Each structure stands twice: as C-alpha cells, then as structure tokens.
There are 2 protein chains.
Amino acid sequence: MSRNNAGLSRERIILEALHIIAGRGLGGLSMRRLGDALEVEAMAIYHHFPLGKEQLFNAITAYVASPAPQGTVPIDPADLAGGGGEEGETEDPAAAEAGDTRPWDVRLTEWAHAYRARLLEFSGALSLLVHRAPQTPSTAATRALLHRALTEAGLSGQDVQRGADAVHSYCVGAVVHQVRHQDEEDAPDEGEARARFDFGLRALLRGLV
Amino acid sequence: MSRNNAGLSRERIILEALHIIAGRGLGGLSMRRLGDALEVEAMAIYHHFPLGKEQLFNAITAYVASPAPQGTVPIDPADLAGGGGEEGETEDPAAAEAGDTRPWDVRLTEWAHAYRARLLEFSGALSLLVHRAPQTPSTAATRALLHRALTEAGLSGQDVQRGADAVHSYCVGAVVHQVRHQDEEDAPDEGEARARFDFGLRALLRGLV
DNA sequence: ACCTGAACACCGTTCAAGT
DNA sequence: ACCTGAACACCGTTCAAGT
C-alpha cells in the first residue's frame, strides 16, 4: 500500500471519473470513490487537479464536448475556473476538414451526428455542459467547420454566427430532450430517436438557407 | 426557538430553494442552508419532502419547467423518483389557448418566448432539467398547444410529434447555449441573445412546414 | 514530483422525542 | 401534524509528512 508513484495521470483520472458517472450518475462521483477506483488515496487526485473537484469537472466537460480522435485529452495545467484545456495531441481535425470537397450539408450533418453520438455516450455528464463552455482545439475546429459550411450555403454577415449557434443549440437540445425522456414508457428506441434528430436537423438547415 | 409550526409549505420551500440557487448556484443549495433561510431546522423540510433532496429537486424542476400563472406550484405528495407534481390551481392555460384565433406561428412563437423567459429566469436550476421530465398540467398544455399549431401548419402523422420535439429541443438548447456562454467576454447582450433565438426559431419553423 | 494519512468543517438522512 | 436535536456515515479540502 505504500507506493508513491501509482501511475496516475489526468487522462486516467478523467476516464475513471466518466466510468463512475456512467454507472452511478454525476452525484455518485466523489473524490474518495474516484480514489478507490484508481487504487489511490483520494488526496492524490489533488496533485493532478490542484483546484479540486471543480477543475476536474471542467476537464471532464472539455473531454466530453470535444469529439476529437480517441485519446486526445486536453492537457493543460491551467484549465482554471471557467476555462478548459487547450492542447490536442493527434492530428488537427480542422485541417483534415479543410480539404473536404463534399457538399456543405453533408459535412454539417456528419459533424452533427458525431457530436450527438459523443453527448449520448457520456450522457451522465451532460448536465455539466449547462454551465461550462470549455475552449479546446475541437471546439475551435467545430466553429470553423460550421462557419465554412454555412458560408458555402449562402449565409453572410451575422447570419453565419447566428446560424451556427442555432445548429449547435439544436444538437445539444435534442440530446437533452432524448436523455430527459429516455426513462418514460413510450420512449423511442435509438432508431426512432435518431430519426427525430434528423427530422429536426433537416428542417433547421432547410429553413436556414 | 421552540415553535412547532413555522408555517412551512412546499411552495415556500421551493421558492426559497430557488432563491438560494439564484444566489449561490445549485451546488450551494444544502438542506441545512435551506433550513436556515426558512428559519427552521433542516430536518423540518423532510416533513414536506419525505424522500429528501431528490424529491425537492423534482419539485423544483416541475416548477421551473411549468411556465404557468404565478403561484401555481404543482402540489402532489407523490412526485416520487422521476415523477413531478400533477395539480395546478389556477385557470387552465390549455383552455385559455383553445379559442385563440391568431395564426399558428404567432401562438407557437409566443409560447417559445414565454418558455425561454422562464428557463432564463431560473437558469441556475437549468441543469436539473437534463435528467428530469416532470409531467404537469403545464407540460400537457404545452404538448397540446404545439400539436394544434403544427397540425394547423400542415404537418400530419408522426411529423407532428417530431416537429414538436424539434421545437422543444431548440428552445431548451438555445437557452443552454446562452447560459453556457454568458460569462465570456464577447457574450451577447439580452437584445442580441433574443435576436439569435428568434433567428433560429424562425428558420426552424420555416423548414418545418 | 508524487502520494499518504490525519484532521476539520460540512453534508444528507434516520430516529426518537417533543408539542 | 409539525418540528426539534442528537447521531451516523459520508463528503471536499488543507496540511504536514513521507519517499
């Protein structure tokens, strides 16, 4: 029991926290329980997140809201109150998208589906997103992607930003709506849930252009 | 200090809880602090919410998500796990709306603005909505209103339900988006925030019909 | 640098007791 | 019926100490 290097890392901590959240809900995540799962004293976590649980929540939010290539945990010692991580580690998804020659609506819809899938995968942490908007390479890439697509669609001026906000809002809202109602008796299965998501997304895009 | 009837009620408790949440955030709401604010021992709250904090959270969610006439607190001893209150006390907003002869998009937009205002007013409790979908007279009235409006707009079959979900999703998502980013330096003022909300809502309605 | 272990203030909830 | 007050298990975090 008396080791002094348990191989802890921000990434391991975040992943284990997400695992606990998936199993017991956000309220079931305590520093002590997280320490147990990592086979470490709870206080060891504070060496990696000196600002405590709030900073851990910020990092979890940045991870969940960044549908980047797997393993790309934002690593930044300064994701202080209100901020998120900053550094990615694999190739830049914005650069990969820049040369994409497919129609704007195909690119946008593909992004929306990926984002939706990510939020659903970590739906237990979804409520963290309500009061945190971390800035990561992934969120910057998303903004660039949405702006390029909507500009190509014919929007200009402030309509580009407003359109991007509308698309982003719809995606988050649709996932929240699904998660909110998923325990009801007449809840749709994943096929119908996705069909509803697409129905609204198509309508929004149609009305936007 | 030795009174045994402090005039506590579910409504007073919910209102005081909302006041604490507005001032110190959801994490700042504790049963002990709530008791202090109500000038009562924390344990007195359990007489009105026997299932504890979880039941209180459900009741708060039902209150926030029910933009009914002021003072209409859902009063139901059985808003158990996952459920909300059931009984309203003032006149039925669905009945009031039934004879509304204005165009469908006007009625729908008016509802959306009222709902948005309600969610913004209690934005500190917004994250409670993510995992709770209370059923109240107000939510039933909302469903009826949306279905009537979208049917009048020409939708039919499952498109009515899908369209209603899309509108609902967009409204919640837009408020979440605004609250998420409201502490940033380039955050829009309320005028611009509302303009963005309208921009997306109009686009969605345009694409829906 | 990385982790432990005791300590402190606070928390949700139970339960027996008061009126 | 409505509220109190002590008690219990648990929590986040600080701090001095170990390696």
Side-chain angles (χ1 to χ4, degrees), chain A residues 1-17 20-21 23-61 75-81 125 127-128 131-132, chain B residues 1-17 20-21 23-61 75-81 125 127-128 131-132:
Chain A
M1 293 293 183
S2 57
R3 296 179 59 214
N4 69 342
N5 189 329
L8 224 45
S9 70
R10 289 171 58 96
E11 172 152 18
R12 266 195 71 214
I13 294 170
I14 291 170
L15 259 21
E16 197 63 53
I20 292 175
I21 290 170
R24 330 180 61 127
L26 198 54
L29 177 68
S30 75
M31 299 302 267
R32 286 170 150 95
R33 193 125 64 189
L34 182 51
D36 283 354
L38 292 163
E39 297 187 284
V40 110
E41 291 296 314
M43 291 62 195
I45 299 165
Y46 286 81
H47 193 265
H48 299 267
F49 294 96
L51 272 39
K53 207 178 188 186
E54 203 55 32
Q55 188 185 17
L56 175 59
F57 278 158
N58 288 340
I60 291 172
T61 308
I75 299 191
D76 183 2
D79 45 9
L80 311 171
S127 61
L128 290 179
H131 294 285
R132 287 161 233 261
Chain B
M1 291 294 185
S2 56
R3 299 178 59 214
N4 69 341
N5 189 330
L8 226 43
S9 70
R10 288 172 57 96
E11 172 153 17
R12 266 195 71 214
I13 294 170
I14 291 170
L15 259 20
E16 197 62 52
I20 293 174
I21 290 170
R24 331 181 58 129
L26 198 54
L29 178 68
S30 74
M31 300 301 268
R32 286 170 150 96
R33 193 125 66 190
L34 183 52
D36 282 354
L38 292 162
E39 296 186 284
V40 110
E41 290 296 313
M43 292 64 197
I45 298 164
Y46 286 81
H47 193 265
H48 299 266
F49 295 95
L51 273 39
K53 207 178 186 185
E54 204 56 33
Q55 189 185 16
L56 175 59
F57 279 159
N58 288 342
I60 291 172
T61 308
I75 298 191
D76 183 3
D79 45 8
L80 310 171
S127 61
L128 290 178
H131 295 285
R132 288 162 231 262

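The sequence lines fix the lettering, A, B, ..., with proteins before strands; numbering per chain opens at 1. Just the heavy atoms: all of them, side chains too, but no hydrogens, waters or symmetry mates, feed the values below. Quantities reported herein were computed from a predicted structural model and do not represent experimental measurements.
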Practice problem: On DNA chain C, check which nucleotide each of A:His48 and B:Gly52 is closest to and give me the residue with the more 5' one. | Solution: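 Its nucleotide being nearer the 5' end, the pick is A:His48.
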[X] [atom1] to [N] [atom2], straight-line distance once rounded to whole Å:
X	N	atom1	atom2	result
B:Glu54	C:dC11	CD	C1'	15 Å
B:Arg12	D:dC3	CZ	C1'	13 Å
B:Leu38	D:dT4	CG	P	11 Å
B:Tyr46	C:dC15	OH	P	13 Å
B:Glu39	D:dT4	CD	C1'	16 Å
B:Gln55	C:dG12	CD	P	15 Å
B:Asp36	D:dT4	CG	C1'	14 Å
A:Ile45	D:dT13	CD1	C1'	12 Å

Quiz item: Does a nitrogen or oxygen in the side chain of B:His47 sit under 4.0 Å from OP1 or OP2 of D:dT4?
Solution: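 So the side chain of B:His47 is outside the cut-off, no N or O lying under 4.0 Å from OP1 or OP2 of D:dT4.
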Which base sits across from [N] as a Watson-Crick or G-U pair, both distances under 3.5 Å?
N	answer
C:dG12	D:dC8
D:dA17	none
C:dC3	none

What distance separates [X] [atom1] from [Y] [atom2], expressed to the nearest 0.5 Å?
X	Y	atom1	atom2	answer
B:Arg33	B:Arg24	CZ	CZ	3.5 Å
A:Phe49	A:Met31	CZ	CE	8.5 Å
A:Lys53	A:Ile45	NZ	CD1	10.0 Å

Among [options], which is the nearest nucleotide to the side chain of [X]?
X	options	answer
A:Arg32	D:dC3, C:dT13, D:dG12	D:dG12
B:Met43	D:dG5, C:dC3, D:dC3	D:dG5
A:Val40	C:dT4, C:dC11, D:dC11	C:dT4
B:Glu41	C:dT13, D:dC11, D:dT4	D:dT4

Quiz item: Using a cut-off of 4.0 Å on non-hydrogen atoms, how would the nucleic acid contact of B:Met31 be classed: base, sugar-phosphate, or nothing?
Solution: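 Sugar-phosphate: the residue B:Met31, judged by heavy atoms under 4.0 Å, touches backbone atoms but no base.
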Exercise. In plain terms, say whether A:Arg132 and A:Glu54 are close enough for a salt bridge, that is, a side-chain N and a carboxylate O under 4.0 Å apart.
Key: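 Salt bridge present between A:Arg132 and A:Glu54.
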Practice problem: Report yes or no: does A:Arg12 contribute a side-chain atom to a donor-acceptor pair with the main-chain N or O of A:Gly7 at less than 3.5 Å? | Solution: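 Yes, A:Arg12 side chain to A:Gly7 backbone: donor-acceptor pair under 3.5 Å.
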